[in-house]
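Naming convention: chains lettered A, B, ... in sequence-line order (proteins, then strands); numbering from 1 in each chain. Values below: all heavy atoms of this structure, side chains included; hydrogens, waters and symmetry mates excluded.
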Amino acid sequence: MTAPTESTQTTPGETLHTPVIAWFDAHARDLPWRHPEAGPWGVMVSEFMLQQTPVNRVLPVYEHWLTRWPRPADLAKEAPGEAVRAWGRLGYPRRALRLHGAAVAITERHGGDVPSEHAQLLALPGIGEYTAAAVASFAYGQRHAVLDTNVRRVFARVVTGVRYPPNATTAAERKLARALLPESERTASRWAAASMELGALVCTAKNETCHSCPIAGQCAWRLAGKPEHEGPPRRGQTYAGTDRQVRGKLLAVLRESITAVPQAALDHVWDEPVQRARALDGLVADGLVEPLPGGLYRLPLTSPLTSPPTQPST
DNA sequence: TACTCGTGGGT
DNA sequence: TACCCAAGAGT
């Protein structure tokens, strides 16, 4: 057809929903957490792992994780350090700690079932606005604005006509996402997944492939000649020489070791003692590392998220 | 609000 | 090579 037939009522995003969802049905990746058997727990685990980590690196860890801990209660029974160890090299290991804490909370407060209400999801450790909406939408088919970096970029281009969205999510973006949300629950949840996938596969940050885009004909940015990004430079991340790098090296040693590690083994991963000590202190403060008497360190057996550390008086 | 928090692959 | 980027959360 060349023109949409007249409808009794139109919603703002109607001309976007149909082509994007049709594109999604034809081109969506076959990812394990999109299978029905993944269930809400599988969806939730995938969302934690996908926070700032690419799909390809998540896949093997996800499979291992769900095999080992098929239900929240299975993970809740483990020491948090085991979650950190199984997290491997996904990065941002505090996510592993929070996922473990979320499993404990789900077991204690929700009878072992991932809650379906947005507010209850939001109350779990490691779940913010995006993840709560994503789990409610993808796992339970609810109608929520799921505003991740991919969707923000798609909206910035198609609607606003700029190459990149603002550095931090704005109220205007949330309002736009709500306005573009399809009316029906089913269509809204499909739209959430489809618009994310479009940003991940076609409307990418660099080397976007507009010739494959189902809504290229109505993209404000493309129609404006794809102007370059204006405004403040997008915040880059330096890494070499930072505390994050030192923390990563320290934690890698502890992940590889089944037994507690002596201070000397940690000392040799970084030669600058002040920064090294600061990084280790930070890991301990975050609950990612547990200090033992005698200058030994190990991954944590107790959780900083669920049980306040009880200090036995000497 | 702006900053911290890992890791590795692509360009 | 050095930089850029990847389904954010917490403070």
Side-chain angles (χ1 to χ4, degrees), chain A residues 24 28-29 31-34 38 42-62 84 87-99 101-102 121-139 144-154 163-171 173 177 192-201 203-208 229 232-255 269 278-279 281-283 285-289 304-305:
Chain A
F24 181 70
R29 291 167 292 180
L31 301 171
W33 45 86
R34 288 178 176 165
V43 171
M44 186 177 137
V45 170
S46 78
E47 290 302 335
F48 269 77
M49 293 182 173
L50 288 164
Q51 291 169 1
Q52 302 286 279
T53 302
V55 166
N56 288 337
R57 223 179 309 156
V58 163
L59 283 169
V61 181
Y62 171 86
V84 173
W87 197 252
R89 310 182 73 83
L90 289 182
Y92 292 148
R94 289 188 294 191
R95 291 181 294 165
L97 223 47
R98 291 170 184 155
L99 180 50
L121 288 164
L122 197 57
L124 297 173
I127 294 192
E129 183 180 344
Y130 161 76
T131 303
V135 172
S137 180
F138 302 155
H144 292 282
V146 181
L147 198 55
D148 80 320
T149 186
N150 289 306
V151 175
R152 295 180 61 219
R153 187 172 55 249
V154 170
R163 191 172 196 359
Y164 296 122
N167 276 332
T169 306
T170 63
E173 287 181 279
S195 53
M196 275 181 66
E197 190 78 338
L198 186 67
L201 297 184
C203 194
T204 47
K206 293 192 304 185
N207 302 321
E208 67 280 354
H229 180 69
R234 312 174 71 209
R235 181 175 135 261
Q237 337 175 30
T238 54
Y239 181 65
T242 62
D243 286 5
R244 286 156 79 181
Q245 184 182 22
V246 184
R247 286 167 58 108
K249 287 178 176 294
L250 291 170
L251 204 58
V253 172
L254 295 167
R255 268 200 317 262
V269 307
R278 184 173 66 233
D281 286 348
L283 289 170
D286 289 346
L288 284 163
V289 172
L305 294 173

Under-4.0 Å side-chain N/O to phosphate OP1/OP2 contact, [X] with [N]:
| X | N | value |
| --- | --- | --- |
| A:T204 | C:dC5 | no |
| A:R153 | C:dA6 | yes |
| A:Y164 | C:dC5 | yes |
| A:R94 | B:dT7 | no |
| A:Q52 | C:dG8 | yes |

Distance-only donor-acceptor pairs under 3.5 Å for side chains of residues 52-59 of chain A, two or more places apart:
from: A:T53; atom 1: OG1; to: A:L90; atom 2: O; distance (Å): 3.0
from: A:T53; atom 1: OG1; to: A:R95; atom 2: NH1; distance (Å): 3.3
from: A:T53; atom 1: OG1; to: A:R95; atom 2: NH2; distance (Å): 2.8

Tell me what [X] touches on the nucleic acid: a base, only sugar-phosphate, or nothing, going by heavy atoms under 4.0 Å.
| X | result |
| --- | --- |
| A:G128 | sugar-phosphate |
| A:T53 | base |
| A:F48 | nothing |
| A:W33 | base |
| A:L31 | base |
| A:L251 | nothing |
| A:E129 | sugar-phosphate |
| A:T131 | sugar-phosphate |

Which nucleotide in [options] has an atom nearest any side-chain atom of [X]:
| X | options | value |
| --- | --- | --- |
| A:A205 | B:dT7, C:dC5, B:dC5 | C:dC5 |
| A:R34 | C:dC5, C:dG10, C:dA7 | C:dA7 |
| A:R98 | C:dA9, C:dA7, B:dG6 | C:dA9 |
| A:Q51 | B:dG6, B:dT7, C:dG8 | C:dG8 |
| A:P93 | B:dG6, C:dA7, B:dG8 | B:dG6 |
| A:V55 | C:dA7, B:dC5, C:dC5 | C:dA7 |

On DNA chain C, compare the nucleotides closest to A:L122 and A:K206; which residue's is nearer the 5' end?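 Per heavy-atom nearest nucleotide, the more 5' residue is A:K206.
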
Quickly work out the [X] [atom1] to [N] [atom2] distance and round it to whole Å.
| X | N | atom1 | atom2 | value |
| --- | --- | --- | --- | --- |
| A:L90 | C:dC5 | CG | P | 22 Å |
| A:E197 | C:dA7 | CD | P | 10 Å |
| A:N207 | B:dG9 | CG | P | 19 Å |
| A:R152 | C:dC5 | CZ | C1' | 14 Å |
| A:E47 | C:dG8 | CD | P | 9 Å |
| A:R95 | C:dA6 | CZ | P | 15 Å |
| A:Y239 | C:dC5 | OH | P | 19 Å |
| A:L50 | C:dG8 | CG | P | 8 Å |

Apply side chain to side chain donor-acceptor pair (under 3.5 Å) to the pair A:Y130 and A:Q51, showing each step before the final yes or no. CA-CA 10 Å; A:Y130 161 76; A:Q51 291 169 1; over 6 Å; no

Report yes if a donor N or O on one partner sits less than 3.5 Å from an acceptor N or O on the other, where the partners are the side chain of A:R57 and the base of B:dT7; otherwise report no.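 Under the 3.5 Å cut-off, the side chain and the base do form a donor-acceptor pair.
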
Can you confirm whether [X] sits close enough to [Y] that some side-chain heavy atom of one is under 4.5 Å from a side-chain heavy atom of the other?
| X | Y | result |
| --- | --- | --- |
| A:V61 | A:W87 | no |
| A:W33 | A:M44 | no |
| A:L31 | A:Y62 | no |

In sequence, state the C-alpha distance, the side-chain angles, and the governing distance for A:L201 and A:R29, and then conclude on side-chain contact (heavy atoms from CB on, under 4.5 Å). CA-CA 9 Å; A:L201 297 184; A:R29 291 167 292 180; 3.8 Å; yes

Whole-angstrom distance between C:dT11 and B:dG6, as gauged at atom P: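 Each nucleotide's P atom is 14 Å from the other's.
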
Quote, to the nearest angstrom, the P distance that separates B:dT11 from C:dA7.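 Roughly 15 Å separates the two P atoms.
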
Please compare A:T169 and A:P54 by the position of their nearest nucleotide in DNA chain B and report the one closer to 5'.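 The residue mapped nearer the 5' terminus is A:T169.
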
CE/A:M196 to CG/A:L50 distance, rounded to the nearest 0.5 angstrom?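 With rounding to 0.5 Å, CE (A:M196) is 7.5 Å from CG (A:L50).
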
